[in-house]
Amino acid sequence: MSHEAAKLLVATAAAYLALGLAFAVPFSLRRAGRLDPVARSGSAGFRLLILPGAMLLWPLLLLKLLRAR
């Protein structure tokens, strides 16, 4: 892999994770209850636990939220 390709790969991964973080914080605080009623009463620890998963799986969760409307 060339140096330029590696830089592009890292930049793409960083952008994906930045978008994931921007999605995951509001999702874990407010929107998780739309997909799972039990999540509505989740504690702060629960919300902290789902943050990394929501950050990585944000495209899937966004689609599920859009379809739930």
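If you're wondering where the values come from, they're calculated on a predicted model, not measured in any experiment.
Rounding to the nearest 0.5 Å places NZ of Lys64 at 10.5 Å from CG of Leu57. Interatomic distance, CG of Leu9 versus OG of Ser2, reported as 10.5 Å (0.5 Å rounding). To the nearest 0.5 Å, the span separating CG on Leu8 from CE on Met1 amounts to 9.5 Å. Here CZ of Phe27 is found 4.5 Å from CG of Leu61. Values are rounded to the nearest 0.5 Å.
Hydrophobic clustering (side-chain heavy atoms under 4.5 Å, transitive across Ile, Leu, Val, Met, Phe, Trp, Tyr) keeps Leu49 apart from Leu21.
Closest heavy-atom contact between Trp58 and Tyr16: NE1-O, 3.3 Å. Taking all atoms of both residues into account, the shortest heavy-atom contact from Leu65 to Phe23 is CD1-CZ, 3.9 Å. Across all non-hydrogen atoms, the minimal contact from Leu51 to Ser28 is CD1-OG, 3.6 Å. Here the closest non-hydrogen pair linking Leu17 and Met55 is O-CE, 3.6 Å.
Arg47 places a side-chain N or O within 3.5 Å of a backbone atom of Ala39 that can act as its donor or acceptor partner.
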